[in-house]
Amino acid sequence: VFACLDLRLTECKKKEDDAFNVGINDTPDFQASKPVRYLLYNVNPGEGFNLRRDVYIRVANLVKLLNDDEPWALVLPPWGRIYHWQTREISQIKLPWSLFFDLESLRRHIPVLEFEEFLAVSEKPMIEEVYYLQRYKEGWTKWEEKMDIRECLDKHGYSKGKDSRWHHWFFGYGDDVYANKFECMSYMGHAGFIKPFLMHNSSARSVFLDRAESLIHGQYSEWSPLYWSGRRSMVFAKHLRDIGDNFREKYLGSTDKKDKTVLDDWTKMNKKHGDAKGGPYLAIHLRRKDYLYAHGEEIPSIQYVPKKVKSILEKHKLKKVFVATDSPDAEFEYLKQEFGEKVEVYRFKPTPEEHEKYKDGGVAIIDQWICAHARYFIGSYVSTFSFRIQEEREILGFEPEMTFNRLCNDDNDTCEQPSKWTIKY
Ligand code: GFB
């Protein structure tokens, strides 16, 4: 018996009736046929792209746990209105996940569908229940897992109309999409802690958890195989990988075969540290812009970067540097000059067509992909953008010493280096 994925069906029929092939291979057979339920979520609007990727893993693993007992599919929140995507000339809302990620790979972990696919299979543009996760008003003194439906504490952006429906921005679809029920929930717990509530206290076909960053990793922390399964399933979209690979080959003399970074179906990959060699270049992620205010004391000034990097280049006999950065062109040109003539310094620049098509988010992913394939990588202090590159390199099988590095500030050469979050299978 197969779980049916079409909201219009209350009873499941044959496999062919499924409106979408949403990870059907991963959907377990259930004793009695049960219609699929849909979990939707969103994250605090202020959060950046790479923290959002971490929240995805927590929610995805919640869906994984739910699927042990009943069929649930995760509705992927469209990308948009991200503070760091500052190119005004291009439209950057309602972006589907397939723009950035390989959906087939995500589906090897859990059943997922795009928000528009969810709308297409829904009878009405309606989400049955919304829970807005929030803190406890009284604060807390000791950690304990708990959840309570409570009065709302903060501005949440949902309002009840005369039609008794709840209205909200809903990723830019708010003119049409509405919710039937809205409640605030004070929550302190791991992602899996909400599972019994979803199974027994709600029978809605679609449940939306807003501020899902409140669900913490718990038993699937950074160290656990389940965290890594979720993480490994987040393979970048092929069109972005291809652009990065072409750039590597053309400017950096780097190809997968030579560099031992061939990518396979993630469920079949199990690389050991040292399996990957990487291309003949050093990559550095230089987080600038708002980072200068947030963490200015922990990062070097631009003129110090070459001074610090040159000895590493010599040690590893490398002559090329790839720079991923959010800094303006002038700063990059200055940096290039400071490296001197003996070092070739590169930066990825999309064509206007590529930029229009793949947006600021796609360009950032291409930068991450090129960094992930370098022989040696240097990240920025506690940047989630750098963390995700480090993870990519763990998946590819680099030696941790070639990955978990950062530059100290101008006056210091012995600052603490990043923790080694090594892969677990
Ligand atoms: O990804 P993210 O959360 O990383 O946010 P942090 C940084 C964003 O800036 C990226 C752009 O998602 C990109 O859009 N960006 C940063 C880059 N570095 C690069 C780069 O090398 N290349 C390209 N193309 N784009 C945190 C934020 O950022 O920093 C917080 O999440 C806060 O909201 C804090 O702003 C100071 O973890 O680095």
Side-chain angles (χ1 to χ4, degrees), residues 26 39-69 72-77 79 97 100-101 105-112 131-136 139-148 185-199 207-235 266-267 368 379 381-395 400 403-404 418-425:
D26 291 326
L39 191 69
L40 300 94
Y41 78 99
N42 201 8
V43 179
N44 178 17
E47 300 297 349
F49 185 74
N50 287 291
L51 183 101
R52 286 166 186 270
R53 288 176 63 190
D54 185 74
V55 176
Y56 169 82
I57 297 172
R58 304 178 215 170
V59 184
N61 283 338
L62 166 61
V63 169
K64 183 102 187 144
L65 294 180
L66 282 162
N67 272 283
D68 288 342
D69 293 295
W72 283 77
L74 182 61
V75 181
L76 301 165
W79 296 99
W97 277 57
F100 301 139
F101 296 99
S105 295
L106 294 179
R107 286 174 181 153
R108 287 186 194 120
H109 186 51
I110 53 153
V112 296
Y131 297 97
Y132 187 90
L133 305 183
Q134 62 178 13
R135 63 201 157 85
Y136 273 86
W140 57 283
T141 43
K142 74 171 168 60
W143 167 258
E144 55 182 329
E145 292 204 298
K146 54 182 181 175
M147 67 175 87
D148 293 281
M185 178 190 273
S186 294
Y187 191 87
M188 197 160 108
H190 301 132
F193 183 62
I194 203 167
K195 174 179 166 176
F197 175 88
L198 293 174
M199 284 182 60
V207 180
F208 188 114
L209 300 178
D210 205 341
R211 299 298 301 264
E213 73 279 7
S214 309
L215 308 166
I216 62 168
H217 273 299
Q219 63 268 50
Y220 17 86
S221 70
E222 282 82 347
W223 307 100
S224 78
L226 191 56
Y227 170 85
W228 278 101
S229 295
R231 176 60 186 82
R232 285 154 65 217
S233 75
M234 298 189 90
V235 176
W266 70 266
T267 59
Q368 287 184 308
Y381 175 71
V382 301
S383 163
T384 55
F385 189 102
S386 295
F387 289 162
R388 301 290 92 86
I389 295 170
Q390 292 165 355
E391 292 165 349
E392 209 69 45
R393 293 174 64 85
E394 279 295 301
I395 294 168
T403 291
F404 296 95
S419 327
K420 293 192 169 82
W421 280 340
T422 53
I423 197 163
K424 299 282 176 298
Y425 289 97

W143 versus M188, closest heavy-atom pair with distance: CZ3-CG, 3.4 Å

Flag the pair F197 / Y131 as yes when at least one side-chain heavy-atom distance between them is below 4.5 Å, and no otherwise. yes

Using the side-chain contact (heavy atoms from CB on, under 4.5 Å) rule, take Q134 and M185 through it: C-alpha gap first, then chi angles, then the decisive distance, then the call. CA-CA 6 Å; Q134 62 178 13; M185 178 190 273; 6.0 Å; no

Hits for salt bridge (charged side-chain N to carboxylate O under 4.0 Å, His left out) against K64, two or more places apart or cross-chain, chain-then-number order -> none

K146 to Y187, cation-pi by 6.0 Å centre distance and 45° axis angle: no

Taking the side chain from R393 and the backbone from R388, do they hold a donor-acceptor pair closer than 3.5 Å? no

Polar side-chain atom of S186 near backbone of R135 as donor-acceptor pair, under 3.5 Å: yes

Measuring from W421:CH2 to Y227:OH, what's the distance to the nearest 0.5 Å? 7.0 Å

Before giving the answer on side-chain hydrogen bond (donor to acceptor under 3.5 Å, both in side chains), spell out for R108 and T267 the whole-Å C-alpha distance, their side-chain angles and the decisive distance to 0.1 Å. CA-CA 8 Å; R108 287 186 194 120; T267 59; 5.3 Å; no

Any chance the rings of F100 and F49 have centres within less than 6.0 Å? yes

Exercise: identify the closest heavy-atom pair between H109 and A60: CD2-CB, 4.3 Å

Does a side-chain heavy-atom distance below 4.5 Å link W72 with V207? yes

Side chains of L62 and L198: closer than 4.5 Å at any heavy-atom pair? yes

side-chain contact (heavy atoms from CB on, under 4.5 Å) test vs Y56 passes for just one of V112, V43, N61, namely V112

Roughly how far, to the nearest 0.5 Å, is the OG1 atom of T403 from the CD atom of E391? 11.5 Å

Ignoring hydrogens and angles, tell me if any N or O in the side chain of W266 forms a donor-acceptor pair with the backbone of S105 under 3.5 Å. yes

Report yes if some heavy atom in the side chain of K195 is under 4.5 Å from a heavy atom in the side chain of D69; otherwise report no. yes

Nearest non-hydrogen partners of P111 and N67, listed with the distance: CD-ND2, 4.0 Å

Heavy-atom closest pair (N50 atom, Q368 atom, distance to 0.1 Å) is OD1-NE2, 3.3 Å

Which heavy atom in S214 sits nearest to a heavy atom in L133, and how many Å separate them? OG-CB, 3.7 Å

Less than 4.0 Å between a side-chain N and a carboxylate O, is that true for R211 and E213? yes

Under a 4.0 Å threshold between the charged nitrogen and the carboxylate oxygen, would E394 count as salt-bridged to K424? no

Any non-hydrogen side-chain atom of I395 less than 4.5 Å from a side-chain atom of I423? yes

Note, I194 side chain near M147 side chain (heavy atom, < 4.5 Å): yes

Is there a side-chain contact between Y41 and P77 (heavy atoms, below 4.5 Å)? yes

When rounded to the nearest 0.5 angstrom, what distance separates CD1 in I110 from OG in S233? 7.0 Å

Atom CG of L226 and atom CZ of R231: how far apart are they, to the nearest 0.5 Å? 14.5 Å

Would you give the length of the straight line joining atom CH2 of W228 to atom OH of Y425, rounded to the nearest 0.5 angstrom? 8.0 Å

As an exercise, state the distance from CD of E392 to CZ of F387, rounded to the nearest 0.5 Å. 15.5 Å

In terms of relative ring orientation, are W79 and F101 parallel, tilted or perpendicular, with 30° and 60° separating the classes? tilted

If you take all heavy atoms of R52 and N42, which pair is closest and at what distance? NH1-OD1, 3.8 Å

Pair H217, D54: side-chain N/O donor-acceptor within cut-off below 3.5 Å: yes

